[in-house]
Visitor: 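A single structure is presented below for examination.
Start at 1 and go down the list; that is how both ligands and their atoms are numbered.
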Amino acid sequence: MAMLDLARFPRLPLLTLPTPIEPLDGLARHLGEALNGVRIFVKRDDVAGIGLGGNKLRKLEYLLGAARAEGADTVVTVGAIQSNHARLTAAAAARAGLTCELFLTRSVPRQDPDYTANGNRLLDDLFGAQVRELPGDADSLAAAEARAAELRAQGRKVYVFPSGGSSPTGCLGYANAAAEILTQAEALGQDFAEIVTANGSAGTHAGLVAGLAAMGLDPRRAKSFAVLAEEGRARAEVLEKANATLALMGSDRRVAPDEITLDGRHRGSGYGIPTAGMLEAVRLMARTEGKLLDPVYSGKAFAGLLHDVRAGLYPAGAAVLFLMTGGTPGIFAYKDALAG
Ligand SMILES: *Cc1c(COP(=O)(O)O)cnc(C)c1O
């Protein structure tokens with residue numbers, strides 16, 4: 001197995017690595033035979049680091065590392081009103097001593113105060129970000145770029161992060177996570193059949209794919225459940241971002257469409273809209289493990305994994321690793337759906 005060498009990419013430490021891998025013993029006790037002999041483990045990217053944690057911190061370590069290396073004084077990014085990426089960018093910028101501006105779109109059809117003012121949106125203000133809200137169909141990245149141009153004209157040094165922080169530089173965080181997982185799997189004596197994650201802006205899955213492929217391993221072992229784009233589009237995004245990340249790492253390897261394992265069937269009727277499977281998954285994890293999935297991403301992905309395990313997709317004895325990607329503040333924005 002080839003080693004990954006990412007040391008030449010500047011990195012600003014924002015979380016304590018490695019994050020723990022834990023078996024879901026409480027869930028296994030509760031579900032018993034329904035698990036068909038499959039052992040589910042979780043990687044706790046939801047609890048480590050600043051700002052209530054989450055998968056965006058791994059990307060932000062490299063994004064802010066690059067921004068700082070280039071002398072940036074301001075970062076600008078985009079997302080939905082309840083964006084975890086926006087909240088963690090605000091937290092990380094505060095930590096790094098940079099000014100942060102957020103362009104947030106009302107892309108989820110909700111106007112109630114839980115959604116518009118609680119959860120992540122409350123934290124954006126608390127972390128000192130300047131927030132601009134835009135209509136759901138607005139081109140927020142164009143607005144962010146226009147603002148960056150305005151600030152640059154005033155002499156500021158501005159770095160713009162794309163949606164979810166999923167540029168090739170951001171994806172390095174999950175290429176690094178793939179190497180971290182392999183080292184932990186070896187120490188645990190576990191051979192994970194799959195590493196499973198939610199997929200929004202595709203960077204988490206793409207980074208895992210790039211990391212596995214660059215190490216000479218099978219990238220099909222990283223699997224995502226799409227919660228934002230529909231399946232075909234999500235697959236194309238993972239492919240494009242994985243190959244751009246491989247190029248950035250200096251690898252000659254490129255992945256093909258049939259090397260991307262992705263399922264779009266648990267997204268429901270749209271991004272940020274609850275599904276019955278998500279509600280079951282969030283409650284089950286809370287009540288058997290005392291751990292928190294989120295209503296927008298990891299809840300839908302874990303619903304997909306539970307479905308597949310119950311349906312017998314994995315052989316008895318297989319171990320599967322689910323990435324707990326965070327999003328905890330989203331729970332407070334979905335009070336009405338989750339209450340009861
Ligand atoms: C952003 C996010 C994801 C998805 O990650 P992408 O890299 O955007 O695909 C999963 N879970 C949570 C909680 C997130 O905030």
Visitor: What part of K59, side chain from CB on, backbone N/CA/C/O, both or neither, has a heavy atom under 4.0 Å from ligand 1?
Guide: side chain
Visitor: Between ligand 1 and G164, is the shortest N or O to N or O distance under 3.5 Å?
Guide: no
Visitor: So which protein heavy atom does atom 8 (O) of ligand 1 come closest to, and at what separation?
Guide: S201 OG, 2.6 Å
Visitor: Could you pull out, from D45, T325, N55, V227, the option with a heavy atom nearest to atom 5 (O) of ligand 1?
Guide: N55
Visitor: Go through ligand 1 atom by atom and flag the ones less than 4.0 Å from a non-hydrogen atom of N199.
Guide: 9 (O)
Visitor: Where do S140 and F103 come nearest, in terms of heavy atoms and distance?
Guide: CB-O, 4.0 Å
Visitor: Under 6.0 Å from the six-membered ring centre of Y115 and within 45° of its axis: does the NZ or CZ of R106 meet both?
Guide: no
Visitor: Does NZ or CZ of R267 lie under 6.0 Å from the centre of the six-membered ring of F225, at an angle within 45° of the ring axis?
Guide: no
Visitor: Please report which non-hydrogen protein atom sits nearest to atom 1 (C) of ligand 1, along with the residue it belongs to and the distance in Å to one decimal place.
Guide: K56 NZ, 1.4 Å
Visitor: Would you call R221-E194 a salt bridge at under 4.0 Å N-O?
Guide: no
Visitor: For ligand 1, note which part of S224 has a heavy atom under 4.0 Å away: side chain, backbone, both or neither.
Guide: neither
Visitor: Give the atom numbers and elements of ligand 1 that come within less than 4.0 Å of a heavy atom of A198.
Guide: 4 (C), 10 (C)
Visitor: Hey, does the side chain of Q184 reach the backbone of T19 with a donor-acceptor pair shorter than 3.5 angstrom?
Guide: yes
Visitor: Could a heavy atom of G326 be found less than 4.0 Å from some atom of ligand 1?
Guide: yes
Visitor: Salt bridge or not for K157 and D73, using N-O below 4.0 Å?
Guide: no
Visitor: Please round to the nearest 0.5 Å and tell me the distance separating atom CZ of R95 and atom CG of L14.
Guide: 6.0 Å
Visitor: Does an N or O anywhere in T204 fall below 3.5 Å from an N or O of ligand 1?
Guide: yes
Visitor: For atom 9 (O) of ligand 1, which protein heavy atom lies nearest, and how many Å away is it?
Guide: G200 N, 2.7 Å
Visitor: Would E150 and R147 pass as an ion pair if we require N to O under 4.0 Å?
Guide: yes
Visitor: Ligand 1 and A202, any nitrogen or oxygen pair closer than 3.5 angstrom?
Guide: yes
Visitor: Only heavy atoms of G327, strictly under 4.0 Å: list the atoms of ligand 1 that pass.
Guide: 13 (C)
Visitor: Decide whether S224 and H205 meet the rule of one side-chain donor and one side-chain acceptor closer than 3.5 Å.
Guide: yes
Visitor: Suppose I only count heavy atoms of N84 and a 4.0 Å limit; which atoms of ligand 1 are within that range?
Guide: 13 (C), 14 (C), 15 (O)
